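These notes are about the structure you will find just below.
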Protein chains: 2
Amino acid sequence: MSTHGHTETWIERAEAVLSAAGHKRGGARRAVIELLDSQSCALTAVEIEDALRTGERGVSRASVYRVLDELEALRLVQRVETGQAMVRYERVCEQGGHHHHLVCDSCGLVMPFSDEALERAIDKLSERVPLRVSEHEIVLHGSCHDCRDD
Amino acid sequence: MSTHGHTETWIERAEAVLSAAGHKRGGARRAVIELLDSQSCALTAVEIEDALRTGERGVSRASVYRVLDELEALRLVQRVETGQAMVRYERVCEQGGHHHHLVCDSCGLVMPFSDEALERAIDKLSERVPLRVSEHEIVLHGSCHDCRDD
DNA sequence: AATATCACAAGACTGAGTCTCATTCTTGGT
DNA sequence: ACCAAGAATGAGACTCAGTCTTGTGATATT
Ligand SMILES: [Zn+2]
Ligand SMILES: [Zn+2]
Ligand SMILES: [Zn+2]
Ligand SMILES: [Zn+2]
């Protein structure tokens with residue numbers, strides 16, 4: 001009944017990485033992790049706080065930010081800078097989940113997209129540049145279908 | 001002695017665009033424009049406010065933000081989201097000045113770079129995507145040469 | 001010069017994000 | 001099962017980049 005990791009979920013990987021990093025368990029972190037796992041794209045810290053307060057397990061603001069920082073440091077979640085007021089966070093999936101974002105500057109809509117040529121360009125570029133590139137997150141701005149006309 | 005625009009500086013273009021958009025002149029806007037023109041890469045609003053206060057012409061905080069918003073709306077300046085606390089702004093040059101940014105997450109260093117393959121990938125991509133793409137600004141994160149080792 | 005309108009300064013205000021510290025929970029050892 | 005060390009958490013004060021308001025000064029047009 002055991003596996004060798006190929007079917008490991010993000011939650012399982014997160015728990016394992018946290019444990020290996022010396023963290024104990026806790027209800028607040030668990031609640032944040034479960035919420036992030038249920039989302040396919042990015043949430044703001046305030047959205048997370050509100051969703052959790054409304055839901056089963058409320059989590060204080062300090063804990064939301066602390067947990068997000070811990071998860072980011074362990075590369076389990078990634079910041080998404082949409083240029084809107086608040087930073088967004090989403091889980092980092094190893095198999096296939098990698099994507100970037102389109103942001104409508106009129107209505108604030110955030111959409112994921114992925115592009116193989118773009119990934120190749122970034123990979124090549126990363127080798128020639130005076131920086132050891134860790135993560136990359138591309139955000140393209142424009143007007144969505146509903147907001148055409150300025 | 002007159003030209004047909006090929007040697008138009010960014011300041012000249014900014015004044016022309018502002019005038020065409022119905023703006024009157026003013027000392028605060030002029031001071032912000034001159035400071036931005038003297039920089040080749042991005043500044044934060046607070047850096048702009050401080051530089052102007054120290055320099056010849058102080059400009060109030062409200063004016064700095066208002067002018068930056070006006071210039072951004074007219075595509076004369078561009079936001080740069082470095083993922084640091086503050087948003088940065090830089091002038092948009094038409095001939096050759098186009099570049100993106102590398103950010104060292106350890107020390108905060110911001111470096112410009114440009115890459116032709118990346119530009120091509122983004123141009124192609126922009127056609128297939130459910131968004132009319134206006135501007136693009138890529139930020140790659142990592143560790144700079146002085147900060148290698150985590 | 002008078003008028004209308006925009007540009008500006010000063011500062012109060014907002015709210016996302018940070019920090020502190022007392023309390024509660026985990027966990028490994030007894 | 002019990003205990004102690006140390007991690008996790010909650011509550012709220014605090015910071016400060018960015019916004020908003022309002023009264024004053026500059027500009028262009030007639
Ligand atoms: Zn996403
Ligand atoms: Zn839209
Ligand atoms: Zn730049
Ligand atoms: Zn560095």
Side-chain angles (χ1 to χ4, degrees), chain A residues 14-35 42-74 76-77 79-89 105 108, chain B residues 14-35 42-74 76-77 79-89 105 108:
Chain A
E15 299 276 332
V17 170
L18 283 163
S19 174
H23 287 279
K24 295 181 179 176
R25 297 180 186 183
R29 186 191 291 132
R30 177 80 201 187
V32 172
I33 288 177
E34 286 182 354
L35 177 60
L43 295 178
T44 68
V46 171
E47 286 169 350
I48 291 170
E49 190 183 356
D50 290 347
L52 293 175
R53 180 176 31 246
T54 304
E56 314 241 319
R57 172 66 154 80
V59 172
S60 73
R61 184 186 319 174
S63 294
V64 170
Y65 284 106
R66 188 177 337 96
V67 168
L68 288 173
D69 285 347
E70 291 165 355
L71 295 175
E72 188 190 7
L74 295 169
L76 290 165
V77 308
R79 283 166 171 262
V80 179
E81 312 274 347
T82 60
Q84 299 167 119
M86 289 179 275
V87 175
R88 291 173 178 275
Y89 297 85
D105 291 326
Chain B
E15 299 276 333
V17 170
L18 283 163
S19 173
H23 288 279
K24 296 181 179 176
R25 297 179 186 181
R29 186 190 291 131
R30 177 78 200 187
V32 172
I33 287 177
E34 286 182 354
L35 177 61
L43 295 177
T44 68
V46 171
E47 285 169 352
I48 293 170
E49 190 184 355
D50 290 347
L52 293 175
R53 180 177 31 246
T54 303
E56 314 242 318
R57 172 64 155 83
V59 172
S60 74
R61 185 185 317 172
S63 294
V64 171
Y65 284 106
R66 188 182 347 94
V67 169
L68 288 173
D69 285 348
E70 290 165 355
L71 295 175
E72 188 191 6
L74 295 170
L76 289 165
V77 308
R79 282 166 170 261
V80 179
E81 312 274 347
T82 60
Q84 298 168 118
M86 289 178 276
V87 176
R88 290 173 179 276
Y89 297 85
D105 291 327

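Letters A, B, ... mirror the listed sequences (proteins, then strands); counts begin at 1. No experiment lies behind these values; they were computed from the predicted model shown.
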Counting only heavy atoms not in B:Arg53, do more than 12 fall under 6.0 Å of its CZ? yes

Between A:Arg30 and A:Glu34, is there a side-chain N and carboxylate O pair less than 4.0 Å apart?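 Counted as a salt bridge, because a side-chain N and a carboxylate O are separated by less than 4.0 Å.
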
Starting at atom CE of A:Met86, determine the distance to atom P of D:dT19, rounded to an integer number of angstrom.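 Taking atom P of D:dT19 as the reference, CE of A:Met86 is at 13 Å.
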
Atom OG1 in B:Thr44, atom CG in B:Leu68: separation rounded to 0.5 Å? 10.0 Å

About how many Å separate CG of A:Leu76 and CD1 of A:Ile33, when rounded to the nearest 0.5 Å?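 Output value for this atom pair is 7.5 Å.
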
Please list residues of residues 57-72 of chain B whose heavy atoms come under 4.0 Å from any atom in DNA chain C, ordered by number; otherwise none. B:Arg57, B:Gly58, B:Val59, B:Ser60, B:Ala62, B:Ser63, B:Arg66

Side-chain contact test, heavy atoms from C-beta onward, threshold under 4.5 Å: evaluate it for B:Val87 versus B:Glu81 and give yes or no.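 When only atoms from C-beta onward are counted, B:Glu81 and B:Val87 do touch, with a gap below 4.5 Å.
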
How about A:Leu18 and A:Arg29: do any of their side-chain heavy atoms sit closer than 4.5 Å?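 A:Leu18 vs A:Arg29: side chains touch.
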
Considering only heavy atoms of chain B and a distance under 4.0 Å, specify the first and last nucleotide of DNA chain C in 5' to 3' order that meet this criterion.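 Answer, 5' to 3': C:dT5 to C:dG11.
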
Main-chain N/O of B:Ala42 paired with B:Arg88 side-chain donor or acceptor, under 3.5 Å: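 Here the side-chain-to-backbone pair exists.
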
Heavy-atom pair of closest approach, residues B:Ala31 and B:Val59: CB-CG2, 3.9 Å

Does a side-chain N or O of A:His23 approach OP1 or OP2 of D:dA7 to a distance below 4.0 Å, or not? no

Treating primed atoms plus P, OP1 and OP2 as sugar-phosphate and everything else as base, which nucleotides of nucleotides 24-30 of chain D get B, S or - for protein heavy atoms under 4.0 Å? ---B---

In this structure, which one of A:Asp69, A:Leu74, A:Val67 forms a side-chain contact (heavy atoms from CB on, under 4.5 Å) with A:Leu71?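 That would be A:Val67; it is the only one of A:Asp69, A:Leu74, A:Val67 passing the side-chain contact (heavy atoms from CB on, under 4.5 Å) with A:Leu71.
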
